[in-house]
Amino acid sequence: DVLSELSSEKLRGSSLFLSNSMPVRDGEFFLYPRQVTENDQTAHMQTSLSGFPLSVNVNRGASGIDGIISTAIGCGDTFTPTTLVCGDVSALHDLNGLYGLTSDLPSLSNAQSKPHSRVPLTTIIVNNGGGAIFSFLPIAKHGQDVGFEEFWGTPTKSISFRKGADAFGLP
């Protein structure tokens, strides 16, 4: 899993932006360690955040995926390197937001109106074929009997996110 590889040590001194849907759920599971209290008969879960070294940001849009790239760019415009983890469908919904990483626009945190170099936004797009969270819906177990893929699937395997970045002259 992508988030289990992003240890707090690798992200020390940076900001992490998690897209809605699976990334924010995975982030809660992998980035916030939980310990079972042995003395508690109900096996109460405790979250231990002591020493958690990074800022974690999220955005809740109308459907949860609107403007994710643009919002992450805004977080990164605070002179703190930012890593965005988002799904393929979220990335598609805001692919034009990559324009905000070009040097054509002034920084919001820089009062000058001239173009400048922005703080890097590392973007990790989890391309899992689109809308993996929908597989958790009860209707998914009925598969093709109810046209699950046709009506709920959002295939993205034919999309080249590399070409999307190239379109804006991004590395």
Side-chain angles (χ1 to χ4, degrees), residues 1-34 47 49 52-78 80-102 105 118-144 146-171:
D1 186 73
V2 172
L3 285 171
S4 63
E5 291 297 318
L6 291 177
S7 69
S8 58
E9 284 301 315
K10 292 178 185 174
L11 294 172
R12 188 172 296 281
S14 67
S15 178
L16 178 64
F17 193 96
L18 297 175
S19 176
N20 288 301
S21 196
M22 293 307 297
V24 74
R25 287 168 175 83
D26 290 345
E28 181 180 19
F29 185 78
F30 289 108
L31 297 176
Y32 295 92
R34 293 171 187 238
T47 302
L49 298 177
F52 200 65
L54 59 112
S55 168
V56 178
N57 301 283
V58 296
N59 180 35
R60 183 67 179 154
S63 295
I65 61 174
D66 305 324
I68 295 297
I69 293 173
S70 298
T71 306
I73 291 169
C75 285
D77 209 23
T78 61
T80 302
T82 301
T83 299
L84 164 64
V85 178
C86 69
D88 43 3
V89 176
S90 294
L92 272 176
H93 273 257
D94 196 29
L95 198 58
N96 61 325
L98 293 175
Y99 178 70
L101 293 172
T102 68
L105 298 173
R118 292 181 174 277
V119 172
L121 174 70
T122 301
T123 304
I124 300 170
I125 299 173
V126 180
N127 193 348
N128 58 11
I133 196 164
F134 297 130
S135 67
F136 293 102
L137 294 174
I139 196 169
K141 68 182 174 187
H142 301 289
Q144 280 312 110
V146 295
F148 180 77
E149 281 302 316
E150 181 181 356
F151 296 112
W152 291 93
T154 49
T156 59
K157 292 292 185 185
S158 64
I159 303 298
S160 170
F161 293 103
R162 171 74 262 153
K163 288 181 181 176
D166 289 345
F168 296 99
L170 301 172

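Taking each heavy atom of Arg162 and Leu170 in turn, the nearest pair found is NH2-O, 2.9 Å. Scanning both residues, Leu95 and Phe168, for their nearest heavy atoms gives O-CE1, 3.7 Å. The two residues Phe134 and Ala140 have their closest heavy-atom pair at O-CB, 4.0 Å. Across all their heavy atoms, Leu16 and Val85 have their closest contact at CD1-CG2, 4.1 Å. Of all heavy-atom pairs spanning Ser15 and Asn57, the tightest one is OG-ND2, 2.8 Å.
In this structure the side chain of Asp88 never reaches within 4.5 angstrom of the side chain of Ile159, judged on heavy atoms. Between Leu98 and Ile69, some side-chain heavy-atom pair lies under the 4.5 Å cut-off. In this structure, the side chains of Thr71 and Phe17 come closer than 4.5 Å at one or more pairs of heavy atoms. Under the 4.5 Å side-chain criterion, counting only non-hydrogen atoms from C-beta, Thr122 is not in contact with Thr82. Using a 4.5 Å cut-off on side-chain heavy atoms (C-beta onward), Asn127 and Phe161 make contact. By the 4.5 Å heavy-atom criterion applied to side chains, Leu84 and Ile68 are counted as neighbours. Looking at Val126 and Cys86, their side chains never come closer than 4.5 Å, going by heavy atoms from C-beta outward.
For Thr102 (side chain) and Tyr99 (main-chain N/O), a donor-acceptor pair under 3.5 Å exists by modelled atom type.
Atoms OG and CG, on Ser19 and Asn59 in that order, are 9.0 Å from each other to the nearest 0.5 Å.
For the 3.5 Å distance criterion, the side chains of Ser90 and Asn20 fail to qualify, holding no donor opposite an acceptor.
Considering only residues two or more places apart in sequence or on other chains, Thr123 meets the side-chain hydrogen bond (donor to acceptor under 3.5 Å, both in side chains) condition with none of them.
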